[in-house]
Structures are given as structure tokens and as C-alpha cells.
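Below: one structure, written as C-alpha cells.
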Amino acid sequence: MKKVGIVMGSDSDFPVVKGAVSFLKQWGVPTEVRVLSAHRTPAEACEFAAKARENGFGVLIAAAGKAAHLAGVLAGHTTLPVIGVPVKSSTLDGLDALLSTVQMPKGIPVATVAIDGADNAAILAVQMLALSDAGLADRLEEMRREMTAAVLEKDKKIRSAAEELC
Ligand code: RP5
């Protein structure tokens, strides 16, 4: 199976990212985690992205805050899909990172998830790998079924709780 690369701009982003790392590990997806910055280690970040395909990666997840150029810079150096996670690490509550990550110019896409949305980044990465992995695809279907059942159970409980109200 192809690897997922999770790159963060700083070790201070790790609390946002670690749930995604756990999710991928639980699903048996080979994962590599790096701290590489578009601004502080630009050469290393570019080299990582440029060699990612030959190094066995299938998807990259890039998490960064503030003027978050990491996802875009990685995307500019690889044709692998790049998922951007804007991190809420600033006085602007992550809106700066969201706009910096999502507003990519035509030709270099970044699939941007919600601010601090690393969990969805991990699920989306699995969905990409599942295009060529039937086992992952089956497991994703099962996860959806469980989610649906859990919400319908909540619906049932809330409806009966609401009926008991005066
Ligand atoms: C960004 O600046 C990082 O991704 C992080 O979210 C933010 C703050 O970094 P530190 O100053 O905590 O290293 O580049």
C-alpha cells in the first residue's frame, strides 16, 4: 500500500495532527510524520515533496498555521494529491491559515479541509488510497454504516425526549 505523508509546519501543530496519525495507524495505512516548514526549511520541504512519489507516498497531508504556505508549496513540487489542514495557531483563529491554504491558483490544487480538520484529512487520504484498495473501500463503507446507525439512534432518543417535554 502507498504511504501517507503527514507534514506539519511546526511541532506545535502536533496536537491537531496526532488524531489523524492514530487513525491511519489503526487502519493499517503506512504513515510517515515530518516537521517541515515552507518558510523555515523551504529546501527540505521542497525536496520531500519532489521525491515523495518515488519514495512510495500516495497522498500528502500538510498541516500549518498562520501564513500557511506549506500545503501549496508541497503541491507545487509533486503531482500527488495534497490535502491541506489549516491550523488554528494564531491570533486570527486560523482564518489566515484557511485562506492561505485554500486559495490556490489554477493548476496546483490543494484539497483543503476545515480549520483543525486533520481527522477529515486522514479519512480523505484513506478514500484516495481506497480507489485501488478494495479492503479499505469495504472498511470505509462499514464506517459509514456505523455512523448512520449512531445518528439514527440519537434521532430516536431525542425524539422520545422531546415528546416527554411539556
Ligand atoms: C506555522 O506557524 C506552523 O505551522 C505553526 O502553526 C505556526 C507557529 O509555529 P511555531 O512558532 O509554534 O513553531 O508555520
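As the structure lists them, so they are numbered: ligands from 1, and atoms in each ligand from 1.
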ask   = For atom 13 (O) of ligand 1, which candidate among Ala67, Gly9, Ser10 provides the closest heavy atom?
value = Ser10
request  = Kindly confirm or rule out an N or O of Val87 lying under 3.5 angstrom from an N or O of ligand 1.
outcome  = no
message = Can a donor-acceptor pair be found, under 3.5 Å and without considering hydrogens, that links the side chain of Lys88 to the backbone of Val16?
response = no
query = Among protein heavy atoms, which lies nearest atom 11 (O) of ligand 1, and at what distance?
reply = Arg40 NH2, 3.2 Å
key: Nearest-0.5 Å distance, CD of residue Glu32 to CG of residue Leu24   = 12.5 Å
key: Atom indices of ligand 1 within 4.0 angstrom of Asp13 heavy atoms, with elements   = 3 (C), 4 (O), 5 (C), 6 (O)
ask   = In Å, rounded to the nearest 0.5 Å, how long is the span from CZ of Phe57 to OG1 of Thr78?
value = 10.5 Å
ask   = Near Ser89, which atoms of ligand 1 are under 4.0 Å from a heavy atom of that residue?
value = 5 (C), 6 (O), 7 (C)
key: From CG (Leu74) to CD1 (Ile83), nearest 0.5 Å   = 12.0 Å
query = When only distance counts, is His39 in polar contact with ligand 1, meaning an N/O pair under 3.5 Å?
reply = no
note = Ranked by distance from atom 1 (C) of ligand 1, the top protein heavy atom is Gly65 O, 3.5 Å
request  = Distance to 0.1 Å, residue and atom name: give those for the protein heavy atom nearest to atom 12 (O) of ligand 1.
outcome  = Ser12 OG, 2.7 Å
key: Expected output: side-chain Asp13 to main-chain Ser10 donor-acceptor under 3.5 Å   = yes
ask   = Any idea which atoms of ligand 1 are less than 4.0 Å away from a heavy-atom of Ala64?
value = 4 (O)
request  = Mark yes or no for whether Asp133, through its side chain, and Leu129, through its backbone, hold a donor-acceptor pair below 3.5 Å.
outcome  = no
